[in-house]
Amino acid sequence: MRVLLIGPPGAGKGTQSTRIAAHFDLTRIATGDLLREEVAGGSARGHTAQAYMDRGDLVPDDVVIAMTRERVVKANSKGGYILDGYPRTLAQAEAAYRWAKARGVPFDLALYFDIGTDELLARLAGRAREESRSDDAEETIRHRLEVFRAQTYPLLAHYERRGIVVRVDAVGPVDAITERILAALHWHKANALASGADRPEWAFGAAEE
Ligand code: ADP
């Protein structure tokens, strides 16, 4: 199974993707975590990324595309992955589509975390107090939400055109949300993915290509 997550900062993607990965034995690829590791390790890539991350801006596409590609290729040979935080721009989505097409392995599902701005601001303020992440200051949080609206939210329509979006109500107790997600994924695994085996693989992606 190859799943990607779309949701604003604070929607719970990290927590839920860790649980989904464990449940279905998938590799979790979280670009935010990978970038923070690059920053901590002092790599050239980390050096480039840091200023963008501190401001709450997206790191340039070429940096993230190269970093993620290595991981996806490896995870794909192991039976599947869940992408948390990638793709986050249409350019990244197109790059991902090209790799997938070259290998005949498209994404199966895009899980959209549905949640309102007020709830997000409250959650992110709480996380800022607990974790003191450099990008969780209030002004930066607002900026990250705007960046999500402008650059990442359009991916929802992009994947809706492909017919692979599953919407999840991301408000409520964490365990209840996990249950909703797992139920949806099990359903898709049993139904949509099983019959999808004989779909003309690239037929429904024609809109952008
Ligand atoms: P959140 O979902 O709370 O924004 P992440 O840990 O996913 O947190 O990401 C933190 C930061 O890492 C982002 O604000 C951005 O600067 C950078 N980042 C993560 N993924 C990407 C990506 N796919 N493209 C560009 N920048 C990214």
Side-chain angles (χ1 to χ4, degrees), residues 2-21 27-41 43-72 75 81-100 107 110-117 119-156 158-159 168 170 174 177 181:
R2 293 172 299 274
V3 181
L4 66 99
L5 307 184
I6 304 173
K13 300 186 302 296
T15 307
Q16 299 297 343
S17 62
T18 304
R19 293 180 175 196
I20 300 165
T27 304
R28 172 172 174 263
I29 301 171
T31 43
D33 292 350
L34 294 174
L35 286 166
R36 281 185 287 276
E37 277 166 29
E38 298 264 3
V39 170
S43 70
R45 204 177 259 165
H47 196 72
T48 311
Q50 180 156 34
Y52 292 93
M53 294 173 77
D54 287 347
R55 285 197 303 269
D57 283 322
L58 296 184
V59 173
D61 285 329
D62 55 343
V63 174
V64 179
I65 288 171
M67 180 184 79
T68 311
R69 183 184 188 136
E70 297 159 12
R71 308 293 207 291
V72 167
Y81 51 81
I82 178 155
L83 287 173
D84 170 3
Y86 186 92
R88 231 161 159 130
T89 64
L90 285 168
Q92 292 176 17
E94 272 150 27
Y97 178 79
R98 282 194 300 273
W99 325 331
F107 292 131
L111 210 54
Y112 173 63
F113 283 58
D114 204 353
I115 181 169
T117 308
E119 169 79 17
L120 288 173
L121 287 171
R123 284 191 194 179
L124 288 163
R127 185 163 90 181
R129 283 191 295 273
E130 282 162 26
E131 295 179 15
S132 64
R133 252 172 61 163
S134 61
D135 57 356
D136 269 350
E138 181 165 354
E139 222 173 284
T140 317
I141 288 170
R142 286 189 182 277
H143 182 61
R144 278 159 62 216
L145 292 177
E146 276 159 31
V147 168
F148 171 77
R149 267 283 131 211
Q151 304 199 53
T152 309
Y153 187 74
L155 294 183
L156 186 61
H158 172 90
Y159 288 113
V168 177
V174 176
I177 297 167
I181 295 175

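For ligands, and for the atoms within them, numbers begin at 1 and follow the listed sequence. Both backbone and side-chain heavy atoms feed into the values below; hydrogens, waters and symmetry mates do not. Position 1 is the first residue of the sequence; numbering continues from there.
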What's the verdict on salt bridge (charged side-chain N to carboxylate O under 4.0 Å, His left out) for D61 and R88, showing C-alpha distance, side-chain angles and the deciding distance? CA-CA 9 Å; D61 285 329; R88 231 161 159 130; over 6 Å; no
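At a heavy-atom distance under 4.0 Å, only backbone atoms of D57 (N, CA, C or O) approach ligand 1. Within the 4.0 Å heavy-atom criterion, both parts of V59, backbone and side chain, lie near ligand 1. The proximity of L58 to ligand 1, defined as any non-hydrogen pair under 4.0 Å, involves the side chain as well as the backbone.
Distances below 4.0 Å separate heavy atoms of Q92 from the following atoms of ligand 1: 22 (C), 23 (N), 24 (N), 25 (C). Residue T31 approaches ligand 1 through these ligand atoms, each under 4.0 Å from one of its heavy atoms: 19 (C), 20 (N), 21 (C), 23 (N). Residue G85 approaches ligand 1 through these ligand atoms, each under 4.0 Å from one of its heavy atoms: 20 (N), 21 (C), 22 (C), 23 (N). Each of the atoms 23 (N) of ligand 1 lies under 4.0 Å from some heavy atom of Y86. Counting atoms of ligand 1 from 1 in the listed order, those under 4.0 Å from a heavy atom of P9 are 1 (P), 2 (O), 3 (O), 4 (O). Of all atoms in ligand 1, listed by their number and element, those nearer than 4.0 Å to a heavy atom of L35 are 12 (O), 17 (C), 18 (N), 19 (C), 27 (C). Residue-ligand proximity, R36 to ligand 1, at heavy-atom distances under 4.0 Å covers atoms 6 (O), 10 (C).
Distance check: R71 CZ to L34 CG gives 4.5 Å after rounding to the nearest 0.5 Å.
Considering backbone and side-chain atoms together, D33 places no N or O closer than 3.5 Å to any N or O of ligand 1. Taking any N or O of R88, backbone or side chain, at least one lies under 3.5 Å from an N or O belonging to ligand 1.
Between W99 and Y86, the ring-plane angle classifies as parallel under the 30° and 60° cut-offs.
The side-chain contact (heavy atoms from CB on, under 4.5 Å) test with L83 is passed by exactly one of L5, T68, V3: T68.
At distances below 3.5 Å, at least one donor-acceptor pair connects side-chain atoms of T48 with backbone N or O atoms of A44.
Between E146 and R55 there is no salt bridge, since no side-chain nitrogen of the basic residue lies less than 4.0 Å from a carboxylate oxygen of the acidic one.
Under the 6.0 Å distance and 45° angle rule, R144 does not count as a cation-pi partner of F148.
Annotation for R142: atom CZ does not count as buried by contact number, only 12 or fewer foreign heavy atoms lying within 6.0 Å.
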